[in-house]
Every structure is written in C-alpha cells, then in structure tokens.
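Taking it in order: structure first as structure tokens, then the write-up.
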Amino acid sequence: MPTTITETPADVVILGVGYMSGVIAAELSDPLLNNGKAYSVVAITKGPYWDYVNDFSTTKYDEWGVGLGRKYDSPLPLQSTTIRNTPYQFALPVRRYTMPIQYHALGHGVGGAAQHYGGTMGRQGPWGYQMLSQTNTRYPGTIDTINPHNDLQDWPLQYYQYEPYYVQWENAHGLCGNYNGSTDNPGSDSSGYPWMSQNYRLPPHPLTPAAQLFQSTVQSAPFNYHPFPHVNALASQPYVNQYGVPVNPCVYDGYCGGLCDYACETGAKANAAYRTIPAAMKNGNFTLVVNSFIFRLDTDPTSGLVTAARYYDPQGNVHIQQGKVFFNGMWGYNMIRIMLLSGVGAPYVWKSDPTMVSGTVGRGMTNGYSPYRGTNVSGTLSNIGGNAYPAGNAGGGSVDIYDLMDDNFDHKNLGFIGGSQIGVGGYPGGGPGNITFAGGVSSASMGGTFKATQKDKYLQTKTVLSSTPFAPDLPTTDNYVDLDPHYTDIYGDPLARLTYDWTPNMYVGATYLATKVKDIFTAMGASNVTVSNTVLPGAVHNDWWGHHLRGGCRIGTDPTWSVWDKWNQCWSPTVKTPFNIFGAGEITNTSGDTVPSGTHVAGPQSYRAAEGIKQYLGLMTPGLVP
Amino acid sequence: MVDQTRREFLKLGLAAAASAVTASAIEIPMFGSQNSSMQTQLNNANTQVANLKNRVNTIVGFISLNITEQSLLEKIVETIIPTDADPGAKEAGVIYFIDRALAGDYGQSANMFMDGPHILPRIPASTTAPLSINPTLSWATNPYIPGASTSPISYIGGSVVTPGSGTQGITATPRVGSGINYQYPLNMREFWRIGLDALQKYAKDPNGAYKGPFESLSSTNQLTLLQDLWGDKPTSFNNIRPSDFAYELTFMTWAGFLMDPIYGGNQNMVGWTYTGFNGVNFGNFYGEGKDQKALMVATTPTRLKPASLAQYQQQASGSA
Ligand SMILES: Cc1cc2nc3c(=O)[nH]c(=O)nc-3n(C[C@H](O)[C@H](O)[C@H](O)COP(=O)(O)OP(=O)(O)OC[C@H]3O[C@@H](n4cnc5c(N)ncnc54)[C@H](O)[C@@H]3O)c2cc1C
Ligand code: SF4
C-alpha cells in the first residue's frame, strides 16, 4: 500500500531539475556564495539522473530509438498536453511522437530538455526588453493594428540591468562565440550589437565554406551588414567554469541536433547536469531527488505562502517536502500547470473581449520557433558540396546577422515589428537526416522515381541554402495555457491545454523578410532562388510546438498581467500572495523576440532569481524583495 | 477509455531506481572518475552486444504478421521502394522491420497517450455538428479552476473574431502524421490489422477499379491503389481516414530501409549504402584515417563505408 512520507524540511526546495534549476542549486547550496550560510537545498525531478558516459556514449547513435522511441524524453503515457487554435475549439491531445520531430518532448530528468537540445544561443538585445514602449515611441498608434487583442508589455528591467547576469550565465555554461567576429564588427558598446561587456568564454566552432561566403557577401555593399560567428553552448575547448566544474570539448561526431533529440556523449553540450548540478553536489547540503513526479504545492490559507511540494515516488508513495522558499523550474506549461492545479497565482481567465480578461498564470503565451510551415527561401550553391551525413555538431559552423532583427531597420508602414536573426552555413550533418523525408512522407514518397531522388543524398555536390525567417510572435489575450477539462495525466490530474495560433506579426514579417533573404542568397551566387510556401492568415499552424513556448507565465511591471516581478518572485495574488515562490524559464520571458535562443534570455533570469531568493531568505517577514 | 491496469503498470515501471539520493551517492563521471565509468560502460556494452547478436540472429520468420498480412505487406513495401539496379525494400528486409515493430513498442503504442475521449476525424471533413463532452471529475472538482463544473462542455468551432463562423473547425485541423493527428482508440497493431484488411477489400471490390487481390495487380496499379489511399478514395476503411494508414505504410517502409539493422531492416546496410549514409563510421572506423573536423567543413563529399550500432558497440567493447 502506498503511504505518505514527510521529508525533513529544507530551506530551499527546487521544483524540476533542468537548466534554470541548476543555477539555483549551485548558487544557493554553496556557503561561500551565501555569507557562510549552509542552506539546505532539495531539488526534485521526474525522470532519472543521466550521465553521458553510461547513458549516452555508446547508445545515442540510434536514430530509431531516439527519434521515434524518444528514449531520453518524457513518456507521453505519463503526461501529454492538448492543443487547439481558438478558445471555441475542442483541444486534441498529443498522442504520439513523430519523426522528424514535430512535437518536441520536453525535459525529463536531471538536465531537462537541454540534455538533448540544439545548443544554439544568442542574447536578446536592448530593444527586446522594451518592445512596447519603443514601438509606441517610434511608430505611435500602430501596435493595436499590428497585433489585434494586443497584450505585449515591457520587461521589468532593461537590458543593461540583465547584462551582468548574462555574463554569469555564459561563464557557467561555457558559451562559444566571438562578438568581434568580423573586421566590420567592432568591440562592444551598449547601443549597437553585440552590447556585451565581455566576449564569450570559448571561441566559435570552425566556419563552413558556405558560412564564409555568406559572411563576405553580407559584409560588402549593398548590404553592409555585421556578421558574426554563430553563438552556441557546445564547448569548443576543454573548460572549467566558475564553480570549478570541468567540461569536455565537442568531438564533432554529429548525432547532435538536426531533426532528432540527441544527447551528447561527452558532456560538451551545456546543461545543468554537467555544469551547475555537479557544483551543487560538492556542497554537502544539497539533496537530489530523482524519478519523482511533483503534483501539488500546498499553501497556507492564512499567509498565502507555499508550505510544501507533494510528489509521487515510483512506487506511488506520496512525499511531502516542506520548505521556506520554492523555485519553480519545471519548464513551460509544466510550470504553469502545477500553479493552476494548486491555486498558486491568479489563473488566467479568457474572454472574447480583451478588456475583460483577468488573471496572469497562463496568460500571454507566444511561440519562439519557426513553425512546420513557414515562408521559405531556398537556393543552390553549385560550387560548394559537402558531407551531409553526421559530421559536426548541431549549432556550429554558421555565421549570423542581427541587422534584419529588432528595430535595426525602419519599420514605417511595414505592418510588423521586429525581425529575424538570419544565419547561413551550419554543419551539414549535425544529425542524421534519414528521417527528414521518412517523417515528412506524402503520396510523393512512393515508387521508383522517388527512390531515385534518394540515391547518394548524403554525398552532396551542391549546397542547398534554406531559410524560414519570421518576425516575433507577440502576446495577445487569445493565446494562453489553462487546464484541460477532458484529459488527465497518469495520476488523474488535468493536462495543460494550449490555445494558440500564429499572430499576424509573424507572417506579415515573414513575407517581408523573405524578400531580404532572397537578395542575400542571390548575391551569394545561388541559383534557383525561390520563395515558397507563403504562410497566410488562417493557415493551420498547430503541430510544431513545444520547445520554445515563451511568455505564458511572465515577469513584468504590474501584477495584473504578470506572475513574477523584477526578482522573478511571485506577486500574483489569489487571495493572498505566495511571496515565497520564484520561477524562471523561457515561459517567464515577457515578450517573444526572435533571437535564436529563448533559453539564453531565460538564463539571466535564473541568476536574478537566485539573488532574489538569497535576499528573500534574509527578510524578517515574508514579502516582496525590495 | 482508460486502461487502468496498463497505467498502474506504467506508474511503477516509469522509474526503477530509488527515489532519493544524496549528493555523495551519485557519481559525476568527469575527468577524474572516467576510468571506473569506462569499465561499467564496457560491461554494459558487452551485455548489449550479446543481446543484439541474439536479436540479429533471429531475423528469420515472423512474430507479429500473420500469413495473409505477410504476403500483402510484402507487395506493398516492394511497391513503395521497388528493387531496380539497386536493392529495395525486399533486399533490406523491410517487412521484418515492420513485423518486429508491430510486435514491440510501436505496435503496442507503448509510448503513446491513449486515453479517451477519442475524437475521430470527421468523415466527411465538412461535418460541423458541435461537440458536447463531459469534463473529468478531477477537473470539475478542483477548487482552483475558475468556472469548473460537472456539466457537459460544448464546442462550436470558429475564430476569435467571429465565433461559430466555421472558419476554424470544431478541432484544429492536424496534418497527416503530426502528433495530434492520430486520435483512434486503437493501438498501432490493431490499426495495421484493420488497415491492411480494408486495403485488401478495396483492391478486391468487384465494383471497384482493381477487382482483385493487391498481390495480383500490375505494379502500376499497385502504386495507383496506394495513391488512392493518400487521396482518401476508398470507403472500406469506415472510421479510419485512409491517408492516415497510407502515412503509416509509407513512413514505416522508409524507416525499415534506413534505420539501424538492429531493428531488423536495412539488412547488410543496403539502405545506407544507397543513400551514402555513414552510420557510425566517423571517418576512421575501418582505419581510413579521416578526421571529423575536416569532413564537416569539406566542399566535396567523401563516401564512408557505413558501420552499424552493433559493430560500434563491439568495437567499444574490444571484442570485434
Ligand atoms: C529538441 C529541443 C531542441 C532545443 N534546442 C534549443 C536550442 O538550440 N537553443 C536553445 O536556447 N534552447 C533550445 N531548446 C530549449 C531548451 O532546451 C529549454 O529552453 C531549456 O532546457 C529549458 O530549461 P528549463 O530549466 O526551463 O527546463 P528544463 O531544462 O526542461 O527542466 C525542467 C525540469 O522539470 C522537470 N519536471 C517537469 N515537470 C515535473 C513534475 N511534474 N515533477 C517533477 N519534475 C518535473 C523535468 O523533468 C525537468 O528536469 C530545445 C529544446 C528541445 C526539446
Ligand atoms: S557533436 Fe559535439 S556537442 Fe554534439 S553530441 Fe557530439 S560531442 Fe556533443
């Protein structure tokens, strides 16, 4: 018979052990970082403890097991999610994983989603933190036309206030790049890209010939753009971070990203399990609880504070873990779901009239990733070939520009704001592409004619350039997360329900940006440069979601629309405000910019939250950290 | 319908290890401790190799498909990837791959979310009758959900601007093969059984275009019949959309041609040789002396003789 077990209370209880939680664990468990105080820290996660030597080194090269079997991912029978486009629809549950991966499995176990992510990084610049006020100043009166039912807001802090946290986060995880990547990209200041006070810790990965061609093309007239090597978190050299944790370098064997979720066999791919959790483990006051599913937060009716987390162990026993302060690092809609299930924070209530909506938890969700069908630009470089089988890692080899992003060009009368980071030349073989067509099969994928198109497809004598640019998805009152009335997880609790459709800013921007990319490809000497698949309003974009949801649980300047304040501390009241819970992740990003990495934008928030928690623990009475 | 036994089983099986470990109990295999970890790794690999060998050696005979299904499916996969001057589905043993998959996790839908309600695709797609569905008790009784009640909930479709206008259906319109597309209350093995049967009925229909068993049709007609499925022409599939089954057939056939040989297909790595894929040969598996770092920035391709997972693990364990 399953029983209820009460665990020893802790100072800090961390919910979920992924990227963001790792920072909290490292920062709060080391007495040297806490004025000599040895806080007891307990971190709880579903899924196992992964280690790259035993779990990945000889078994990761398994396209079927990783791709369709998703052996490193969250099992769908445990927990799925439901999806619809509008609040008038019935939401269908995600029933299966497919190949190539369309619905991204999320984090499972220590290290979370970043055990098998792409590792692409890139800071969000000053504009991204003030999209609303910048737009209102420069293009007054346009935002409500650009974004009907607009819910775009400014962040609680400005870029320069996050800059020190960016540096800490980049040091901890060993990011590779070179902000001074080209002769035309001079040192940093706080106005132009890359707005950085120090360079990335490790050099970028070697550039491919296509990337070099892109670089020289966009640097010259008529473009005069500012290219730089792609930033990523796949260590290019051996490295020791500020916590003394050593990191192995990438060995470029591929099976890294691409269209599967591959784990890394050397630990070069930065995530909590190989950067911050080892640091926490060196401190004797840190406890890691694995294979445990958190299902409720208990609150005190008088104070409103969170008193404990309840979780199931694999035998079905219920454990109660009390704590003084909690960190919600359960990622995306899991972060939202646990709060909605437990009555922590004001739940978002949708109304067709945007002035009548209320609540914050689940509100303002955006998608930061290119959808399955986007406006695509392609072209062929017939003088550059290469090895399209796995060779190189997922995120290296390319060159990027930010010149077509943010407000770096005039948007007057364009009908959209922001833009896209454009990059060319990643390693052709970051991951096996056997599945590329096998999963995208159609009536055309049968018979001898189609078979012939597959001959020697990994031995390319030409390079196909391809880009799917899109402008940022903007928060509206109509895209949100709530609890599904009809489907439950394995323990009988309602699943998260996602109500989401593309916002016009994305596709209006895509149409414009495609013409710009077309000019670049043409100038590079590509043949057959074509724009295809133009995405129109009302098209279906509902099956390529998951791993870059942003904004459904925002930090902000006002508790009427944001869950967390400038310290990533909860200030959203149900009746009383649960001040003693903090949270960070892509889903807490206030707005969706089109930087390649919402994770890189979330990272500094985890350092900010760590500082907030330290200050909270020093408060005499519970309340907001000033 | 919730398969309670299966869920209970999964609950227990989802995680085998003890739940709580303190810091000292977990070994972080960084530089210092690599040696002992390597030993464990090699031991693991040895066991795996032994298991793999057994598996590879049993690739004769069928464990899931019955005799009628075998002869039908054999012709289907050979239509999808025909043998020409180069090997096709036949030489790759695609049918064994599918047979093994149907007997295993794929066929059992072991990693799928299978709970109801099951909202079947609307046939015809233009059906607009609203849906009214009861909520679950755990939703209706959760004290924190605004507006929760036990009454049935109605869905009318429509966009956020003009509700009920029909511009957006009662559910989203998923793409064939996407994660929210398959909503049948059938595990994949059952789905294939019904699908193969319906396909054969369509071929044999005396009033239809083909009037004979699939196996007896000309290769042109075999291909056309499979295209009919993609076009949702047959009516013999009842509640199943024929294109959903066509997707499964096509996807699994290509997977059987291109996935690692441990899964029963891609025998002798013919699929990889055909496409120029390297498997796990990173440039020096057979002592070619090529370097990954050079291969990844090369401007001309280099053909590498493919190596399989079983070979790789044998090499890792030193017993090649
Ligand atoms: C395939 C893929 C590719 C990606 N590529 C990139 C990329 O190139 N660049 C980039 O910047 N980002 C990328 N991402 C996103 C990136 O991985 C995530 O943003 C990041 O890992 C999120 O960190 P987190 O701490 O918020 O959550 P996670 O790291 O996912 O951690 C969440 C943790 O909470 C646990 N948890 C959840 N629910 C429960 C529960 N009920 N009980 C107990 N524990 C629970 C999970 O097991 C997990 O350990 C990718 C993601 C995926 C899936
Ligand atoms: S290519 Fe590099 S980063 Fe990618 S999995 Fe291999 S070692 Fe890790």
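The analysis underlying the following values was restricted to heavy atoms, covering all of them including side chains, and did not include hydrogens, waters or symmetry mates. What you see is a predicted model; the values in this text were computed from it and never measured.
- Nearest heavy-atom pair, B:M296 versus A:T208, reported as atom, atom and distance to 0.1 Å: O-CG2, 4.0 Å.
- Residue contact with chain B, scored on non-hydrogen atoms closer than 4.5 Å, is absent for A:V344.
- In this structure, the portion of A:L340 lying under 4.5 Å from any heavy atom of chain B is its backbone and not its side chain.
- Annotation for B:S159 and A:Y88: closest pair O-CE1, 3.4 Å, computed over non-hydrogen atoms.
- Here the rule is side chain to side chain contact (heavy atoms under 4.5 Å, CB included) with A:M446, and of B:L223, B:T79, B:I81, B:T253 only B:L223 fits it.
- For the set B:Q222, B:Q183, B:Q227, the count of heavy-atom pairs under 4.5 angstrom toward chain A peaks at B:Q183.
- For a residue to count as touching a neighbouring chain, one of its non-hydrogen atoms must lie under 4.5 Å from one of that chain's; by this rule A:D484 touches chain B with the backbone only.
- Here B:G279 is the residue among B:S243, B:A140, B:G279 with the most heavy-atom pairs under 4.5 Å with chain A.
- B:Y274 meets the ring-ring contact (aromatic ring centres under 6.0 Å, His included) test with no other residue; sequence neighbours excluded.
- Within the 4.5 Å cutoff, the side chain of B:I170 has no heavy atoms near those of the A:Q89 side chain.
- When each of A:S443, A:G385, A:P494 is checked for heavy-atom pairs under 4.5 Å with chain B, A:S443 comes out on top.
- By the 30° and 60° cut-offs, the orientation of the rings of B:Y155 relative to A:F90 is perpendicular.
- Distance CG/B:N266 to CG/A:N434: 8.0 Å, rounded to 0.5 Å.
- Looking at B:Y144 and A:L483, their side chains never come closer than 4.5 Å, going by heavy atoms from C-beta outward.
- Residues passing the side-chain contact (heavy atoms from CB on, under 4.5 Å) test with A:P48 are A:W50, A:H108, A:N291, sequence neighbours excluded.
- Among A:S352, A:P485, A:G397, the residue making the largest number of heavy-atom pairs under 4.5 Å with chain B is A:P485.
- Shortest non-hydrogen contact noted between B:P301 and A:G386 is CB-O, 3.5 Å.
- The neighbour count for A:K71 NZ, taken as heavy atoms of other residues, nucleotides or ligands under 6.0 Å away, is above 12.
- Put simply, of B:N142, B:L229, B:D260, B:T83, the one with the most heavy-atom pairs under 4.5 Å next to chain A is B:N142.
- The existence of a salt bridge linking A:D456 and B:R303 is confirmed by a sub-4.0 Å separation between a basic side-chain nitrogen and an acidic carboxylate oxygen.
- Across B:V297, B:I153, B:L304, B:T273, the residue that shares the most heavy-atom pairs under 4.5 angstrom with chain A is B:V297.
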A:Y389/B:F282 under ring-ring contact (aromatic ring centres under 6.0 Å, His included): CA gap, chis, key distance, verdict: CA-CA 9 Å; A:Y389 50 74; B:F282 299 117; 9.2 Å; no
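- Proximity to chain B is limited to the backbone of A:S342, based on heavy atoms less than 4.5 angstrom apart.
- Side chain of A:K451 to main chain of B:P82: a donor-acceptor pair is present (N/O by atom type, distance under 3.5 Å, no hydrogens or angles).
- Using a 4.5 Å cut-off between heavy atoms, A:L495 contacts chain B through its side chain alone, with no backbone atom that close.
- Side-chain atoms of A:P206 and B:K293, non-hydrogen and from C-beta on, do get closer than 4.5 Å to each other.
- Side chain of B:Q313 to main chain of A:T58: a donor-acceptor pair is present (N/O by atom type, distance under 3.5 Å, no hydrogens or angles).
- Of the atoms belonging to B:D105, not a single heavy atom falls under 4.5 Å from chain A.
- Side chains of A:P77 and B:N111 form a contact here, defined as non-hydrogen atoms less than 4.5 Å apart.
- Using a 4.5 Å cut-off between heavy atoms, A:P148 makes no contact with chain B at all.
- Judged by a 6.0 Å distance limit and a 45° cone about the ring axis, A:R96 is positioned over the six-membered ring of B:Y182.
- Among A:A444, A:G448, A:G343, A:G429, the residue with the largest count of heavy-atom pairs under 4.5 Å with chain B is A:G343.
- Annotation: the span from B:L295 atom CG to A:D253 atom CG amounts to 12.0 Å, rounded to 0.5 Å.
- A:L207 touches chain B through its backbone: at least one of N, CA, C or O sits under 4.5 Å from a heavy atom, while the side chain does not.
- For B:T300, the part lying near chain A is the backbone, with the side chain staying farther off; criterion is any non-hydrogen pair under 4.5 Å.
- Chain A forms more heavy-atom pairs under 4.5 Å with one residue of B:D86, B:I145, B:T299 than with any other, namely B:T299.
- Here the closest non-hydrogen pair linking B:A172 and A:R84 is CB-CA, 4.5 Å.
- In this structure, the portions of B:L226 lying under 4.5 Å from any heavy atom of chain A include both its backbone and its side chain.
- For B:N134, the part sitting under 4.5 Å from any heavy atom of chain A is the backbone (N, CA, C, O) and nothing else.
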Side chain to side chain contact (heavy atoms under 4.5 Å, CB included) between A:M99 and B:F251, intermediate numbers included: CA-CA 9 Å; A:M99 289 167 78; B:F251 170 63; 4.0 Å; yes
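- The most heavy-atom pairs under 4.5 Å with chain B, out of A:L341, A:I384, A:T461, come from A:L341.
- Closest approach of A:L92 to B:P174, counting heavy atoms only: CD1-CG, 4.0 Å.
- Contact of B:A246 with chain A is not made at all, since no heavy-atom distance falls under 4.5 Å.
- In this structure, B:Y106 and A:W64 have tilted ring planes: the angle between them lies in the 30° to 60° band.
- In this structure, A:Y487 and B:T136 have side chains that are not in contact, with every pair of non-hydrogen atoms separated by 4.5 Å or more.
- With chain B as partner, the option from A:D493, A:D62, A:T574 having the largest number of non-hydrogen pairs under 4.5 angstrom is A:D62.
- Minimum interatomic distance between B:M114 and A:R95 (heavy atoms only, all atoms of both residues): C-NH1, 3.5 Å.
- Neither the backbone nor the side chain of A:Y312 comes within contact range of chain B; no heavy atom of the residue lies under 4.5 Å from a heavy atom of that chain.
- Aromatic ring orientation, B:F277 versus A:Y458: tilted (interplanar angle from 30° to 60°).
- Between A:F450 and B:W254, the gap from one ring centroid to the other is short of 6.0 Å.
- Summarising the geometry, atom OH belonging to A:Y427 is positioned 11.0 Å from atom CD belonging to B:Q292; distances are rounded to the nearest 0.5 Å.
- Looking only at heavy-atom pairs under 4.5 Å with chain B, the residue among A:T463, A:N383, A:I44, A:D478 that has the most is A:D478.
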